[in-house]
Number of protein chains: 2
Amino acid sequence: MSPDHVPEIVVSRIPLYLRALSEMKAAQREITSSQELGDRLGFSSAQIRKDLSQFGEFGKQGTGYNVSFLIEQLQRILKVDQVWDTALVGAGDLGHAVANYGGFLHRGFRIVMVFDNAPHKIGSQAGPFTIQDTAVMEEQIRRHGIKIAMLTTPAAAAQDLAARLVNAGIEAILCYAPTSISVPDHVRVEYIDPVLHLQNMTYYLSR
Amino acid sequence: MSPDHVPEIVVSRIPLYLRALSEMKAAQREITSSQELGDRLGFSSAQIRKDLSQFGEFGKQGTGYNVSFLIEQLQRILKVDQVWDTALVGAGDLGHAVANYGGFLHRGFRIVMVFDNAPHKIGSQAGPFTIQDTAVMEEQIRRHGIKIAMLTTPAAAAQDLAARLVNAGIEAILCYAPTSISVPDHVRVEYIDPVLHLQNMTYYLSR
DNA sequence: TAGATTGTTAATCGATTAACAATC
DNA sequence: TAGATTGTTAATCGATTAACAATC
């Protein structure tokens, strides 16, 4: 139930399972199997079962998994049976797109503040948010007890801002800046850099 | 030199090495070591050396790696010593942000056309591009011999568009839509879904 | 030369898969 | 009951690490 240590690679697949199950639920599927889920995601059924078994027993032999029940369980495991307030740092084009994105809330996240350091942006809107000066960033994050930040600044600004975010109490950073940042061990960082994915694919393309 | 088969996980790290090396070069570093590169990226020096050794011998014992030389070699290996024309499908907020992103060209990619199916968007601008009707998408992609597409549409439209892109000759898709898509074996797909990363991190956060 | 760092081998570690008893 | 599918074990497979000869 409360596993001692689950491999990180297993944890990283649970959100994928949750996403696929949510699609199944939206399509009115009430029951699924490790086979069906695996086919859909390109994993073996054995892997699906093994991964889920790290956290408990969620299925019924001969039947499979109840979609709604498994969704609830995975949401609880990932702690997205609640909504996490997050701060967005960087109000460029990408920051605006992220601020306007409607897909966070029903998956457990809500942007509640947006920061930038450009004087002409401060006070203007990014989606439903008034852009605030990064000068008040630490204070605001601390006051609201925010633990998650998304960083959509240029690479050159990322390391300094990450350090300031950590200092303000941030424990998880989703970094859109195309660079590696260094943070203390208790802080988690995930990266999104589209070019890494593109360069990965061109390796397999013929010229 | 021309390795038979390199594990996918090794290939996926080469773009990271290239990115870090490019930062070093920008900072005027002429020589680096597997130790330094590893420290910077959070990998062991042994892994860096082992990964690079899959493709050839690029270093000098006692000295390390020439940054510029290694950059050239990795660019060649990844086939980003050329610029790849790409098509962008989906001109919403995210599509606009991607169309305006200045970080593609010097890393081997160039968007050359943008498509959407919304009548009020067709003919207007997304960054420097005039948005074209998806009705002419296959024809345009075929005519220009484009092999790479970025998909920034809602999830519901992704599978159908992916099939059409493949039919038009696309061999690599970077899918920003939060869903898994199914394509023939000869087509590669990479995914970007920020929520998967966020849900991964919340597993490790305390409530 | 002495010191440093590569490229590579072998050992270790960890993840995936196959198989099947349990059981719905 | 018969058929189906889980949860789990053991075997396989593959990736990472440690160690060191080679050599710059």
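So you know, we letter chains A, B, ... as the sequences are listed, proteins then strands, and number each from 1.
Under the 6.0 Å distance and 45° angle rule, B:K79 counts as a cation-pi partner of A:Y203.
Of the side-chain N and O atoms in A:Y65, one or more sit less than 4.0 angstrom from OP1 or OP2 of D:dG7. Distances shown here put a side-chain N or O of B:S44 below 4.0 Å from the OP1 or OP2 atom of D:dT17. The side chain of B:Q61 places no N or O atom within less than 4.0 Å of a non-bridging phosphate oxygen (OP1 or OP2) of C:dA4. The side chain of A:R49 places no N or O atom within less than 4.0 Å of a non-bridging phosphate oxygen (OP1 or OP2) of C:dA19. Using a 4.0 Å cut-off, some side-chain N or O of B:S34 falls inside it from OP1 or OP2 of C:dT6. Note on B:S33: every side-chain N or O is 4.0 Å or more away from OP1 and OP2 of C:dT5.
With no hydrogens or angles considered, a side-chain donor-acceptor pair links B:Q35 and B:D39 at under 3.5 Å.
The nearest whole Å value for the distance from the OH atom in A:Y17 to the P atom in D:dT6 is 13 Å. When the C1' atom of C:dA15 is taken as reference, atom CZ of A:F43 falls 13 Å away, rounded to whole Å. Taking atom NZ on B:K50 and atom C1' on D:dA19, their separation rounds to 14 Å, with Å as the unit. Atom NZ in A:K60 sits about 17 Å away from atom C1' in D:dG3, given to the nearest Å. Between the CG atom of A:L37 and the P atom of D:dG7 there is a distance of 12 Å, rounded to whole Å. When rounded to the nearest whole Å, the span between CZ of B:F58 and C1' of D:dC24 equals 18 Å. In this structure, CG of A:N66 is placed 14 Å from C1' of C:dC24, rounded to the nearest angstrom. Atom CZ of A:F55 is separated from atom P of D:dT6 by 17 Å (rounded to the nearest Å).
Pairing partner, C:dC20: D:dG7, with both Watson-Crick or wobble hydrogen-bond distances short of 3.5 Å.
DNA chain D is contacted by both A:S53 and B:D51; A:S53 maps to the nucleotide lying nearer its 5′ end (nearest heavy atom per residue). DNA chain C is contacted by both A:A46 and A:T63; A:A46 maps to the nucleotide lying nearer its 5′ end (nearest heavy atom per residue).
Listed nucleotides C:dA15, C:dT16, D:dA15 differ in distance to A:P7; the shortest reach to its side chain belongs to C:dA15.
Between A:E139 and A:R143, at least one side-chain N (NZ, or NE/NH1/NH2) sits under 4.0 Å from a carboxylate O, which counts as a salt bridge. With respect to A:E36 and A:R40, no salt bridge is recorded, no charged nitrogen being found less than 4.0 Å from a carboxylate O.
Between B:Y191 and B:I181, the shortest heavy-atom distance links the atoms OH-N, 3.0 Å.
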